[in-house]
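These values consider heavy atoms only, across backbone and side chains, with no hydrogens, waters or symmetry-generated copies. What you see is a predicted model, and the numbers here were worked out from it, not measured in a lab.
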Amino acid sequence: MPEMMLGSGIRYTEIHDPKFRSCLLNILFYVHRSRQTAPIHALLPDLLTASSAAYPSAAEMTLALESLYAAEFCGKLSLCGDDAALDLTASWMRDDLALSGESVTDAMLSLVTDALLHPNAADNGFRDPEFRICKQNLLDDIDCTRNDKRIYTLRSASALAYIGEPAAIPPTGLRSDAEAVTPEDAFRLWQEILRTSQIEIVCVLPKPNPQIAEKLRECFAALPRTPETFCFHAPSPMKQQPAFEKELLPVGQTKLAVTYKYDNIPREVLLMLCSILGWNSDALLFTELREKRGLCYYCCLEWSSGKHSVIIDSGTDSADLNALRIGIDAQIEAIRNGRFSDKMMQKAILRYACRAAAASDSPYDLAAEEISRLQHDDPRSAAELTAAMQTVTREQIADAAKQLRLDSVFVLLAEREEAAFDAE
C-alpha cells in the first residue's frame, strides 16, 4: 500500500481493493488533551461536518451530500492514550458508477477540504445557529452519559486510575467546561489544530488515484505548519497502594470496575491473555463468575494499550460485591498458574484471525485496521499478527498474567440495596 508524506507531519496511506464499489477518506488530526480543550475536541468533529462556508447550514450540507449519490461525511473523537484524534470520514460512490460520468471524487474532495479549511465561521468564530445546535448536542451527550451507569462507571474508574494524567479527562470533557465554550474558543482551537497537529490520512479505493494525494497536498500546503510530537504509548504509573473509591446513587444495579496495570507485554501475548480472560462469552470471567456462580449480570474487559492497563467491569448485586472482586482476582490467578485449556488458546487465535479477515469486507474496517496498526507503531499486518499469536506459549500467557497488578477499584453502589463494602 502506497505511503507518503504530503507535508510536514501529514502522512498519507492509500489502500486498493477492486471489489469495493465506494471510496473512503479517513482524516485524523491528533491533539494533546487538557480539561479546557477536551469539550472543544469533542465538539469539533460534529461542527466541522455539519456545515461549511460553502454549505452554511446542516440542511444545505445534507443536500450537497445527497446530490453526490448519498455520500457521507461524519466525524467522531477517538482517544489514543493521553492524546486524542479528531476522526473525520468521507465516503462516496466510485466515479465509474456515476450516471453522467461526472467525477464524484473531485466533488467530494472539494466538499471535505472546504469544510476543513473554510469552515462555517465569521469574525473569528463559528456561526450560529449551527454552533449553538452542535454545542447543545454535546451537552446532551454529557447528560446522557451520566444516565448510562456503565459508561459513567468506566469513566469514573479511568479518572481514578489515571489521576493527574490527560487520560483521566472524560472524552466529552466536564459539563461546566463545555458550557463555557464560545464560538471564538472553538474556532481559535481549530486554527491551532490545523497548525500543530499530526495529520494521518488513510484512503481506501478500488484502484490507484494519484490525483487524491495531489489534491490534498495542494490544500494542506497553504497551511502554516509547525506540528507537535505525539506518542500514543503513555504507560500510566502504578500507584504505591491500590486506590479504592465508591459512589452511592439511586440505581438498581451495583457496578464494579477494577483496573490492573502492567509493565510491558508483547501485543500478541496480550491479545491472547485478554481473550482467555474476558473478551468472549466463553472466557473465564464470564463462564466462572456469571454462568457457574451467578455473581454478576455481565463481566467485561477493556484493554488500553497506550496506558498499559486492563479494566474489568461488572454489574452485580451489592451482596455479591466482595465475592465478585475475589472471583476476578481468582481468574487472573488461574491464568498465572496455567489453569486454562489449549482449546481456549486456539479459540483466541481463531477469533482474531476471523476478525482480521473480516476487516477486508468494507472500506471502513480496512481503514480502521490500518489506523490501528499505525497507532500501535506495529509494522505487522493482521495476518502476520495472527501468525505471531500462533507462536505464543502457555508460559508467556501465564507470565503476562503475573504482570497484572491491582491499581484501583471503583464501585457505583446501588443506594436502595446498600451493603457494607470493605475496600480493604
Side-chain angles (χ1 to χ4, degrees), residues 33-47 49-50 58 74-79 84 86-87 129-163 165-181 186 243-259 278 285-286 290 295-304 307 309 311-321 324-325 408-419 421 423:
R33 306 184 70 228
S34 70
R35 177 176 159 174
Q36 290 70 35
T37 60
I40 306 178
H41 291 155
L43 175 65
L44 281 171
D46 188 20
L47 196 55
T49 57
C74 58
K76 64 179 181 180
L77 183 75
S78 303
L79 300 188
L86 276 60
D87 187 343
E130 282 66 34
F131 175 82
R132 175 172 44 80
I133 293 169
C134 291
K135 180 177 175 179
Q136 188 58 53
N137 289 341
L138 174 62
L139 294 173
D140 291 343
D141 286 345
I142 294 173
D143 293 339
C144 289
T145 296
R146 184 172 179 84
N147 291 327
D148 186 320
K149 299 311 178 188
R150 179 170 181 246
I151 295 178
Y152 180 79
T153 298
L154 286 169
R155 293 188 178 177
S156 298
S158 294
L160 180 61
Y162 309 134
I163 293 174
E165 304 169 56
I169 305 167
T172 54
L174 302 179
R175 198 184 203 283
S176 58
D177 296 323
E179 289 173 341
V181 175
F244 296 88
E245 185 177 302
K246 73 172 180 179
E247 185 173 346
L248 194 65
L249 283 178
V251 296
Q253 187 183 108
T254 290
K255 307 289 187 185
L256 169 69
V258 187
T259 302
L285 291 174
F286 190 87
R290 183 187 187 278
L295 292 176
C296 56
Y297 300 103
Y298 65 87
C299 196
C300 302
L301 181 150
E302 293 194 0
W303 161 39
S304 174
K307 300 303 296 177
S309 64
I311 297 180
I312 297 169
D313 75 292
S314 301
T316 187
D317 296 323
S318 58
D320 293 325
L321 195 53
L324 178 59
R325 263 200 60 211
S408 51
V409 177
F410 178 82
V411 176
L412 183 65
L413 200 58
E415 190 175 53
R416 58 176 174 266
E417 59 168 27
E418 181 180 5
F421 172 59

Apply salt bridge (Lys or Arg N to Asp or Glu O under 4.0 Å) to D140 and list each qualifying residue two or more places apart in sequence or on a separate chain.
none
With rounding to the nearest 0.5 angstrom, report the CG to CG distance, D148 to D141.
11.5 Å
When every non-hydrogen atom of H41 is compared with those of L77, the smallest separation belongs to O-CD1, 3.8 Å
Nearest-0.5 Å distance that lies between atom SG in C74 and atom CG in D87:
8.5 Å
Heavy-atom side-chain proximity of R146 to R175 below 4.5 angstrom
no
Return yes if some donor-acceptor pair links the side-chain N/O of K246 with the main-chain N/O of L413 below 3.5 Å, else return no.
no
Between CG on residue L321 and CG on residue L256, distance to nearest 0.5 Å
5.5 Å
Could you grab the distance from atom CD of Q136 to atom CG of L43, nearest 0.5 Å is fine?
11.5 Å
Shortest non-hydrogen contact from P170 to R155?
CB-CD, 4.4 Å
Of all the heavy-atom pairs spanning K135 and A178, show the shortest one and how long it is.
CE-O, 3.2 Å
Grab the two heavy atoms, one from A84 and one from L79, that are nearest each other, plus how far apart they are.
CB-CD2, 4.0 Å
Show your reasoning for whether side-chain contact (heavy atoms from CB on, under 4.5 Å) applies to T259 and L160.
CA-CA 9 Å; T259 302; L160 180 61; over 6 Å; no
Spacing of CG belonging to L154 relative to CG belonging to D313, to within rounding of 0.5 Å:
4.5 Å
For residues 295-302, tabulate all N or O donor-acceptor pairs below 3.5 Å that involve a side-chain atom, not counting sequence neighbours.
residue	atom	partner	partner atom	Å
Y297	OH	D317	OD1	2.7
Y297	OH	D317	OD2	3.1
Y298	OH	K255	NZ	3.3

For the CD atom of Q253 and the OG1 atom of T153, what is their distance to the nearest 0.5 Å?
9.5 Å
All heavy atoms of P39 vs all of L138, minimum pair found to be O-CD2, 3.3 Å
With the side chain counted from C-beta on, respond yes when S304 and I311 share a heavy-atom pair under 4.5 Å apart, and no when they do not.
no
Tell me if a side-chain donor or acceptor on T37 pairs with a main-chain N or O of R33 at a distance below 3.5 Å.
no
Which heavy atom of A414 sits nearest a heavy atom of V251, and at what distance?
CB-O, 3.1 Å
